[in-house]
Amino acid sequence: MNHDVPLSAPRRGGTVFLGLAVLGLAGALFVLRRPLMMSAPTCMAGRWHGCFDTFNGVVLMTLVLLPAAVLVAWLLARARRAAGVSAAWPVSLAEVGMVYGTVPFVWMILMPGAGAGVVPGRVSLVPLRDLITMGPLGIVGNLLVFASLGFFAPMRFAALASVPRVLALGAGCSVLVETAQYVLQLDRVSSVDDVLVNAAGAALAALASRRWWHTHTAGCSAPVGTSGQRAHGVGATAGSSGRAVPTGRDDRSTAA
């Protein structure tokens, strides 16, 4: 048996995720370079207004904090490796990725509008009615809200290694966010279409990471030991080589 496979798989997974993060950062900077430069002076000056209360400012600070997120994932992976935990990189990147990729979108969704606190909460419960007015940019944005959660959650939690479960998780989180918009009177419309698109984005992201689900699960559940074999109890009747082992009754009969 080759015992190096469970240890090398997490390293390959960590390299893939790191490469994806770098490519994502480069692509985002290229596409959003002009809008982001508008918020750069305000954000670099450390001012709240004009930075953290605008979409461009939040996206800019998210990209700026990417190296810090990678550093946190590396520290977590290093601590897990020191403790002898297998699949250290995938687990650590999944934990950081879920938070790093979800919090900025939730922050932008919960930004108050101009009439926050004055305009009462509004609800749209007719499916697909608001989907037409979203536009391509709005649909893509709603798909990305819980995409990181859907992508990384099945790799971190074996119980979520199922597309229907991730779909339910995305829908539940979206319902909480839409409820917060209504209760806090943020001058936003709590729409059922937002829930549908958010949940669909989480499920699609889960499908994209499906190839890593079983690798992570196998890496965490693999038996730890020098021989890789299960220990047998007192009454076991089969050895590690598959041959029958005489029990106490057989010994007595042979001695007789």
Side-chain angles (χ1 to χ4, degrees), residues 21 24-73 95-124 130-153 169-202 205:
L25 174 61
L29 288 175
F30 178 78
V31 174
L32 303 174
R33 62 189 185 280
R34 291 183 179 179
L36 294 180
M37 291 306 298
M38 298 173 59
S39 300
T42 304
C43 293
M44 294 301 102
R47 292 197 294 267
W48 180 276
H49 297 291
C51 181
F52 293 101
D53 59 350
T54 63
F55 289 164
N56 293 338
V58 173
V59 173
L60 176 62
M61 295 308 299
T62 301
L63 296 174
V64 170
L65 292 175
L66 179 59
V70 175
L71 177 62
V72 172
E95 291 175 349
V96 175
M98 284 188 295
V99 178
Y100 175 82
T102 304
V103 171
F105 285 101
V106 175
W107 182 279
M108 289 187 286
I109 290 175
L110 296 179
M111 281 184 181
V118 179
V119 179
R122 290 160 290 175
V123 179
S124 178
D130 297 331
L131 196 62
I132 302 176
T133 60
M134 282 186 187
L137 185 60
I139 294 176
V140 172
N142 276 285
L143 287 172
L144 293 176
V145 171
F146 294 110
S148 295
L149 182 65
F151 188 92
F152 290 110
L169 176 65
C173 293
S174 182
V175 169
L176 291 177
V177 173
E178 297 297 317
T179 302
Q181 287 182 340
Y182 178 82
V183 173
L184 299 177
Q185 296 184 358
L186 299 178
D187 191 18
R188 290 179 173 271
V189 179
S190 299
S191 174
V192 66
D193 288 341
D194 290 338
V195 176
L196 296 177
V197 180
N198 292 163

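One is the number of the first residue; the rest follow in order along the sequence. Because the structure is predicted, anything quoted here is derived from the model rather than measured.
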Novice: Give, for atom CG of Asn142 and atom CG of Leu196, the distance between the pair rounded to the nearest 0.5 Å.
Specialist: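 Result: 10.5 Å between the selected atoms.
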
Novice: Taking the side chain from Trp107 and the backbone from Phe52, do they hold a donor-acceptor pair closer than 3.5 Å?
Specialist: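 Present.
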
Novice: Could you tell me which non-hydrogen atom of Asn198 sits nearest to which non-hydrogen atom of Ser174, and how far apart they are?
Specialist: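 Heavy atoms only, the tightest pair is OD1-OG, 2.8 Å.
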
Novice: Looking only at atom types and distance, does a side-chain atom of Asp53 sit under 3.5 Å from a main-chain N or O of Gly50, one as donor and one as acceptor?
Specialist: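 Yes; at least one donor-acceptor contact below 3.5 Å.
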
Novice: Heavy-atom count around Met44 CE within 6.0 Å, excluding the residue itself: above 12?
Specialist: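 Check passes, neighbour count above 12.
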
Novice: Check whether Gln181 reaches the backbone of Ile109 with its side chain - one donor and one acceptor, N or O, closer than 3.5 Å.
Specialist: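 Indeed, once roles are kept as given, a pair shorter than 3.5 Å links the two residues.
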
Novice: Under 4.5 Å between any side-chain heavy atoms of Asp193 and Ser124, yes or no?
Specialist: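 Asp193 does not reach Ser124 side chain to side chain.
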
Novice: Within the 4.5 Å heavy-atom criterion, are Met134 and Asp194 side-chain neighbours or not?
Specialist: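 The answer is yes, as the side chains (C-beta and beyond) meet within the 4.5 Å cut-off.
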
Novice: Please answer whether the main-chain N or O of Gly115 pairs with a side-chain N or O of Asp187 as donor and acceptor at a distance below 3.5 Å.
Specialist: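 Yes, the answer is positive, given that a donor and an acceptor are paired below the 3.5 Å cut-off.
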
Novice: For a side chain to side chain contact (heavy atoms under 4.5 Å, CB included) check, start with the C-alpha distance between Val195 and Glu178, then their side-chain angles and the critical distance, and finish with the verdict.
Specialist: CA-CA 8 Å; Val195 176; Glu178 297 297 317; 3.9 Å; yes

Novice: Step by step, work out the side chain to side chain contact (heavy atoms under 4.5 Å, CB included) result for Met61 and Cys51.
Specialist: CA-CA 8 Å; Met61 295 308 299; Cys51 181; 3.7 Å; yes

Novice: Apply the side-chain contact (heavy atoms from CB on, under 4.5 Å) test between Phe105 and each candidate in Val59, Leu144, Val177; give the one that qualifies.
Specialist: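 In the set Val59, Leu144, Val177, the residue that makes a side-chain contact (heavy atoms from CB on, under 4.5 Å) with Phe105 is Leu144.
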
Novice: Would you mind reporting whether Thr62 and Tyr100 have side-chain heavy atoms less than 4.5 Å apart?
Specialist: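 Tyr100 reaches Thr62 side chain to side chain.
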
Novice: Closer than 3.5 angstrom, by distance alone: can the side chain of Asp130 be matched with the main-chain N or O of Ser191 as a donor-acceptor pair?
Specialist: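 Checked: no pair found.
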
Novice: Below 4.5 Å, heavy atoms only, C-beta onward: do Val140 and Pro136 meet side chain to side chain?
Specialist: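 No, their side chains stay 4.5 Å or more apart.
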
Novice: At their closest point, which heavy atom of Ala199 faces which heavy atom of Ala171, and how far apart are they?
Specialist: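 That would be CB-N, 3.7 Å.
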
Novice: Rounded to the nearest 0.5 Å, what separates atom CZ in Phe55 from atom CG in Leu60?
Specialist: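 Answer rounded to 0.5 Å: 15.0 Å.
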
Novice: Any non-hydrogen side-chain atom of Leu169 less than 4.5 Å from a side-chain atom of Leu149?
Specialist: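 They are in side-chain contact.
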
Novice: Going by heavy atoms in the side chains, are Met38 and Thr54 under 4.5 Å from each other?
Specialist: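 No, too far: nothing below the 4.5 Å cut-off.
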
Novice: Quick check: do Val96 and Phe152 have side-chain heavy atoms less than 4.5 Å from each other?
Specialist: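 Side-chain contact under 4.5 Å: no.
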
Novice: Do the non-hydrogen side-chain atoms of Phe146 and Val106 ever get within less than 4.5 Å of each other?
Specialist: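 Touching, per the 4.5 Å side-chain cut-off.
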
Novice: Under the 3.5 angstrom rule, does the side chain of Arg188 hit a backbone N or O of Gly121 as a donor-acceptor pair?
Specialist: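 Not a single qualifying donor-acceptor pair exists.
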
Novice: Minimum heavy-atom separation for Gly57 and Cys43, please, with both atom names.
Specialist: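 The answer is CA-SG, 3.9 Å.
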
Novice: How far apart are the closest heavy atoms of Gly97 and Ser148, and which atoms are they?
Specialist: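 Scanning both residues, the minimum pair turns out to be O-CB, 3.7 Å.
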
